[in-house]
Amino acid sequence: MKVSQLLNPTLREVPAEAEVVSHQLMLRAGYIRKVTGGIYTYLPLGWRVIKKIEQIVREEMDAKGGQEVMLPIVQPAELWKETGRWEVYGPEMFRLKDRHGREFCLGPTHEEIITDLVKGEVRSYKQLPLLLYQIQNKYRDERRPRFGLMRGREFIMKDLYSFDRDAESSKISYQKMYDAYERVFKRCGLTFRAVEADAGAIGGSGGTHEFMVLAESGEAKVVFCPACEYAANVEKAECQPTAIPEQDMVGEKLTEVYTPGVKTIDELEDFLGAKKTSLIKAMIYKGDDKYFLILVRGDREINEIKVNNVLGPFINLRLAEPQEVEELLQCEPGFIGPVGLNKKIYIVADLEIAKMKNGICGANKKDYHLMNVSCGEDFTPDQIADLRMITAGEPCPKCGQSLKEARGIEVGQVFNLGTKYSEALRAFYLDEKGQERIIYMGCYGIGVSRTMAAAIEQNHDQDGIIWPVPIAPYHCIIVPVSVKDPELIATADRLYAELNALGVETVYDDRDERPGVKFKDADLIGYPYRLTIGKKALAEGKVELYNRRTRQIELISVEDASRKVQRIIEEELAKNK
RNA sequence: CGGGGCGUAGCGCAGUUUGGUAGCGUGCUUGGUUCGGGACCAAGAGGUCGCAGGUUCAAAUCCUGUCGCCCCGACCA
């Protein structure tokens, strides 16, 4: 491809709308353009990168026996109503009506469609296991699309669905996909980590792992153990209750103290000179129409995902509004606690609260708190569970070592769904004895467009993108220092022809621009290798081979140049295969 | 959805307080001089000032409404 013909508008300045580096660079280097919030056009180079990633995904899915299909984007509401997700998905789903008033949505995912297909077409155990996948646009009306391709409303996703005869076989499919994902991301040249995760709206009974590309700009927080294999999203990470040695193990007598205007944990700490570890944080949550009192230690954060999993699942679990608390308990938030509630409310205590003696909590009376509150003596929770957010430095639940924290971009997630969808949509098969049995499912997503963004987050410098070879839009760019010098052009033409013949994906910068402009553009766009053809070196029969990542320049003879580049590219492509 | 900010040429911005025929940089076009890390000179093209009402002799500027975008939070496979 000649640069003079390529639609690749580069920008000198950073567009004001772009916040994260991947977004900035994709706009500046001419990979994407925004159409509207969270929706982008892929320009030629951007689309080439997407196709590279898709191809890697395809190869790895096929290697595990996956079969590619194409599923509709416009999906009828009925299927979603059958699984209950028409309501569960809420405002995040793009909905539309046809001319007759029938309801549809733009598919945010495809469990319903695929299960419906399989239930119609799969009858026998002989057809299982079955792995079907698709790569296409998905739609989510995100509350806040942001960071360019990282969180869009329209995005490209690969979803594979596995269908198995039982839980055991389903586990094998899960492991296959887990392995395939490791290969995909390795081949894309990414530094990543698989972590235990929460299943969220997808639900299902089996386990789930998220594949996180480690990057500072990541929206997800993970903890991992430096000593063993354990790694988990903080949403999911199991917390061990830590002992508080200075706390007396014998419950003392309950005492009321006057604490005028002291509402927050910080204020309480100052006012009473108490440690946060002996304070009880009490929050009223509302799930659907029910209220719950959630208790964690003063130094801890409530993990709403755990709360929802313990109590719900609710469609809209949230912190109760102050007025709601007031109406419920005739006491403002800030002074509430589990002791002597004037109304029966379901109380759930964190593991650490269950062990607590002589703690401090609200008295359910304005401007008063209670001291020496002991769980089991002064109040009894209806349920005890792990409800809090983990923090770095806490012990690993597997081996006890101190956990470390990192940020990650979620590029993939694997779910063992069990029978959630097959039951709802009645997907059965007949076993050897002619007995009807339920199908076990799994689903496995990879955010293709997000992977592109993640790759840039992890592979860039001051001057631009540094593509890993397997997903670079082109492998090599030829830059003649001047297009007016016939000798340089003759050599450039020759190398261009040779490289194309050798199957090296090559761009030829034939523009009549000053060399600085071409170098800057090439660095910005991120071609892994550059062949620079200049007068001085050419006089000795040499050209320069520039490595974008190391910035090393090597003088090589014109004769060997094409072969050498070909060899390097082949080695790079083979590296993680 | 709550809080904040912004919509003026492809991109980055000034002009709005105090109404008076729209500007700078960059990019783009043409000519010339240049030519190894975003050159220089000259001449050009390019904007219903987000949109709709209103006030006024006169609106980018004041008023009302509306749409969109960005950031923080909440939320989220």
Side-chain angles (χ1 to χ4, degrees), chain A residues 7 9-20 23-24 27-28 30 33-39 85 88-93 107-111 138-148 150-153 155 157-159 161 197-204 208-212 219-220 233 235-236 304-305 308 314-319 321 409-415 417 442-447 450 462-464 479-485 488 509 511-525 530 532-538 543-544 546 551 553:
Chain A
L7 179 64
T10 56
L11 303 173
R12 290 195 181 201
E13 286 169 290
V14 181
E17 68 187 41
E19 180 72 6
V20 297
H23 190 196
Q24 293 175 349
L27 288 169
R28 280 193 61 207
R33 285 291 181 264
K34 183 171 76 178
V35 175
T36 184
I39 297 180
R85 293 209 298 179
V88 173
Y89 242 100
E92 206 164 275
M93 187 146 66
T109 175
H110 285 75
E111 281 86 4
K138 311 239 168 172
Y139 296 83
R140 289 185 202 166
D141 193 359
E142 294 281 350
R143 281 190 178 180
R144 181 136 98 87
R146 59 183 146 179
F147 302 155
M150 212 87 97
R151 179 168 294 273
R153 298 197 290 173
F155 53 98
M157 180 113 184
K158 184 278 313 183
D159 257 328
Y161 301 93
D198 182 74
I202 292 275
T208 176
H209 286 86
E210 288 168 334
F211 285 76
M212 296 285 189
E219 293 184 272
N233 191 314
E235 293 174 348
K236 168 79 177 176
E304 290 191 5
I305 291 179
N308 200 8
F314 297 111
I315 292 164
N316 48 3
L317 180 85
R318 60 171 174 83
L319 211 52
E321 299 291 335
I409 301 163
E410 183 200 335
V411 288
Q413 188 161 13
V414 290
F415 295 88
L417 295 173
C443 79
Y444 314 88
I446 289 180
R450 186 185 277 185
Q462 281 298 318
D463 292 306
V479 178
V481 163
S482 165
V483 295
K484 301 228 169 85
D485 184 327
L488 300 189
D509 197 344
R511 295 176 300 170
D512 183 11
E513 287 287 353
R514 296 164 62 86
V517 172
K518 298 188 188 183
F519 295 155
K520 285 287 186 191
D521 268 349
D523 282 352
L524 176 63
I525 292 160
R530 186 180 83 204
T532 313
I533 300 158
K535 211 175 172 83
K536 243 186 248 167
L538 192 60
V543 292
E544 282 171 26
Y546 165 90
R551 314 214 112 173
I553 290 173

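Every chain is numbered from 1, with letters handed out A, B, ... down the list of sequences.
- With G36(B), G38(B), A74(B) as the candidates, the nucleotide lying closest to the side chain of Val481(A) is G36(B).
- Looking at heavy-atom distances under 4.0 Å, Glu219(A) makes no contact with the nucleic acid at all.
- Every salt bridge (charged side-chain N to carboxylate O under 4.0 Å, His left out) that Arg511(A) has, sequence neighbours left out, goes to Asp509(A), Asp521(A).
- Taking 3.5 Å as the limit, the base of G38(B) and the side chain of Asp521(A) contain a donor-acceptor pair of atoms between them.
- Residue Lys34(A) is in sugar-phosphate contact alone, with no base atom involved, counting any heavy-atom pair closer than 4.0 Å across all strands shown.
- Judged by distance alone with a 3.5 Å cut-off, no donor-acceptor contact links the side chain of Arg12(A) to the base of G37(B).
- Partners of Glu219(A) according to the salt bridge (charged side-chain N to carboxylate O under 4.0 Å, His left out) rule, which considers only residues two or more places apart in sequence or in another chain, are Arg146(A), Arg151(A).
- When the side-chain nitrogen and oxygen atoms of Ser482(A) are compared with OP1 and OP2 of G36(B), none of them lie within a distance under 4.0 Å.
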**Q.** Contact pattern, 5' to 3', of nucleotides 8-14 of chain B - B, S or - by protein heavy atom under 4.0 Å
**A.** ---BSS-
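- Nucleotide C75(B) holds its P atom 13 Å from the CZ atom of Arg144(A), rounded to whole Å.
- At a cut-off of 3.5 angstrom, the base of G36(B) holds no donor-acceptor pair with the side chain of Arg530(A).
- Nucleic acid contact for Glu235(A): none, since no nucleic acid atom lies under 4.0 Å from a heavy atom of the residue.
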